[in-house]
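Shown next, in structure tokens, is the structure this report addresses.
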Amino acid sequence: MSATAMIWRMASFAVAAGFVGLWQLIANLKLVSPVFLPGPDRAWTALVRGFASGDLASKLVGTLEHMAYGWLAASIAGIALGALIGSSRLMRTYIAPSLEFLRPLPVSAIIPVAIALFGLTEGMALFVIAFGAIWPIMLATIHGFAAVEPRLYEVARALQMSRPAVVFKIALPSALPDILAGMRLSLTVALILSVVCEVLAGLDGLGHWVLLSARAFRSADLFAGVILLGAMGYVTSVAMSLAERRLLAWQSMR
Amino acid sequence: MILLARLDDAKAARQQKPLISFNGATLRLGGKTIIENLDLTVRPGEFLCIVGASGCGKTTALRLAAGLYRPTGGAVTFDGQAMLEPRREVAIVFQDYGKALLPWRTAAGNISLALEASRIPARERPGRIAELLRKVGLPAHAEKYPAEMSGGMQQRLQIARCLAQEPTTLLMDEPFGALDAMTRQGLQDEVLSLTAATNTTVIFVTHDLDEAIYLGDRVVGLLPHPGRIGIELDVNLSRPRDQLATREHPEFLRLRRQLFDFIKATEH
């Protein structure tokens, strides 16, 4: 890491530390009632206690599972559908308007529908998370497949490549930067919807933990859950960028 | 005497069965006639250059020969069969090498694409790739991505990928149009020696008249709107050609003048 990058990294840590300090100060001065706002010290204690008893770890795993399954289902379906729609001009013309109608639909609006269909079950959560997370992936994949350099298809024709070979060796790698960008956006959507489903359906996870803590006025536990959710979002996003950098190493050569 | 002998050779060669022939080939695209009633034959092993003002349909003629377009009238045949789809023994070198290479594959990976398409077993590929890279003068660049290579190197790589198809015919669409003069001359000589060694048939489209005469056994000039043949010249210059001696040869200069006058006349 270069010296300037180091300084910037340290500055960003300093800002984060400043916010925690400010939070501690507000809590210590009791600007907000301690019933609602614990200091970082109390939140941290609650976090450690939660992990020591094993409760928090199992909630964390629960949310991770919701998020991961929903996101993976959305990725597989989104890439497959996006590839199908994106590689055919005819399909794009026919299907794009319907997609434009479905896409801006708030996912929360379909939760009652999903509950009516599946009940308050894990299946309902999987459906809602996957339905919400599929859009960024599918739309990015459609765009990626539509934007493949036409010359490359001619190269494929000249080489008499088979249909699957064209998809896997030309279209998919060409669309990969778009697809990964879509998958990164969906990661956040999947996390949000995991929490929403846990809250609404009482499914095992951090969302449920946060809800119960709030109802019992255990604000330290509540904040422990929120901090953990933030950390989850951060870690998954960092993991995603590492994967992107690895898969798209060729782009840094430009 | 030598000139006469070569003329006889040329006559004998002309009676040979053509490898590629355009028989009254016509192409209409979107209500416009791009190529009309084109009659042209290419002998096996011949190096044919096509020149013409921009918009005269020379690239289109090449794409017909490649099977990337189907004629809307007449026929284009390869080895006696209608050319309706690209064939593996016909390789195409595109002008825009930057778009024709896979940016996510290294030089070796790009050549591998052609070997994979030809179903060459994986264990034979590294040897073939090294050999092809050596042939086009890129032996040290196997692991480089196209974006890390100069224009000349990228075009060399595209040529190597085409050679990986083991083509009998090479169709080249203004392949050196975007390169600087020195790189261009080097590549001209490399293409001549590569194709001579394997007796490859070549159709070479260019807007550079000197390049056409320097490379070709025959030069065809097209007239625009719609594209049709305007002039046909046999180039009776000895081979191997030499960047200095050939270009100073009186015959070269005579052909150059003739071709230049033709192009100038078409531009009015």
Side-chain angles (χ1 to χ4, degrees), chain A residues 75 79 82-83 86-87 89-90 93 137 140-184 240-254, chain B residues 59 62-63 65-70 83-120 141 143-149 154 157-158 161-167 169-173:
Chain A
S75 298
I79 293 169
S87 52
R89 185 188 302 265
L90 204 67
T93 322
I137 301 175
T141 308
I142 291 175
H143 177 260
F145 269 72
V148 175
E149 171 57 49
R151 183 68 83 219
L152 291 180
Y153 286 135
E154 289 187 347
V155 169
R157 276 180 71 195
L159 291 173
Q160 291 185 297
M161 286 168 63
S162 65
R163 185 88 195 112
V166 174
V167 171
F168 286 104
K169 292 178 182 173
I170 297 208
L172 206 54
S174 169
L176 195 61
D178 286 310
I179 294 173
L180 290 176
M183 287 172 76
R184 172 206 284 281
M240 188 70 205
S241 21
L242 286 178
E244 269 182 78
R245 206 175 303 166
R246 226 189 126 74
L247 287 166
L248 304 178
W250 57 273
Q251 276 198 327
S252 59
M253 306 296 172
R254 280 163 189 260
Chain B
T59 292
L62 197 78
R63 293 174 68 87
L68 289 172
Y69 286 152
R70 291 184 188 185
M83 191 73 180
L84 302 174
E85 274 299 314
R87 308 164 61 115
R88 201 163 285 152
E89 63 260 52
V90 180
I92 310 158
V93 179
F94 294 101
Q95 175 181 13
D96 42 7
Y97 41 78
K99 291 180 177 173
L101 295 170
L102 310 184
W104 56 86
R105 285 199 183 206
T106 59
N110 267 283
I111 295 177
S112 178
L113 186 76
L115 298 176
E116 292 158 26
S118 306
R119 304 196 189 288
I120 306 288
H141 304 283
E143 294 312 314
K144 280 202 176 143
Y145 288 96
E148 297 175 276
M149 305 168 95
Q154 290 184 40
L157 178 57
Q158 198 195 171
R161 187 174 68 193
C162 285
L163 296 178
Q165 284 177 253
E166 302 195 322
T169 302
L170 210 49
L171 305 176
M172 307 182 85
D173 184 12

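So that the names make sense, note that chain A is the first sequence line, chain B the second, and so on, each numbered from 1. Bear in mind that the values here come from a model prediction, so they are computed numbers and not experimental data.
- The local environment of NE2 in A:H143 is sparse, with at most 12 non-hydrogen atoms from other residues, nucleotides or ligands closer than 6.0 Å.
- Heavy-atom distances place both the backbone and the side chain of B:A100 under 4.5 Å from chain A.
- In this view, B:Q154 satisfies the side-chain hydrogen bond (donor to acceptor under 3.5 Å, both in side chains) rule with no residue, not counting sequence neighbours.
- One distance of note links CD of B:E143 with CD of B:E148; it measures 10.0 Å at 0.5 Å rounding.
- Only the backbone of B:L101 has a heavy atom closer than 4.5 Å to any heavy atom of chain A.
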Check residues 169-184 of chain A and write down every donor-acceptor pair under 3.5 Å in which the side-chain atom is one partner and the other belongs to a residue at least two apart or another chain.
| residue | atom | partner | partner atom | Å |
| --- | --- | --- | --- | --- |
| A:K169 | NZ | B:E116 | OE1 | 2.9 |
| A:R184 | NE | A:E244 | OE2 | 3.1 |
| A:R184 | NH2 | A:E244 | OE2 | 2.9 |

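- Looking at A:A165, neither its backbone nor its side chain comes within 4.5 Å of chain B, counting heavy atoms on both sides.
- Within the 4.5 angstrom heavy-atom criterion, only side-chain atoms of A:E149, from C-beta onward, approach chain B.
- Between chain A and the residues B:V90, B:L102, B:T106, B:I92, the most heavy-atom pairs under 4.5 angstrom are made by B:L102.
- Between B:L113 and A:M161, some side-chain heavy-atom pair lies under the 4.5 Å cut-off.
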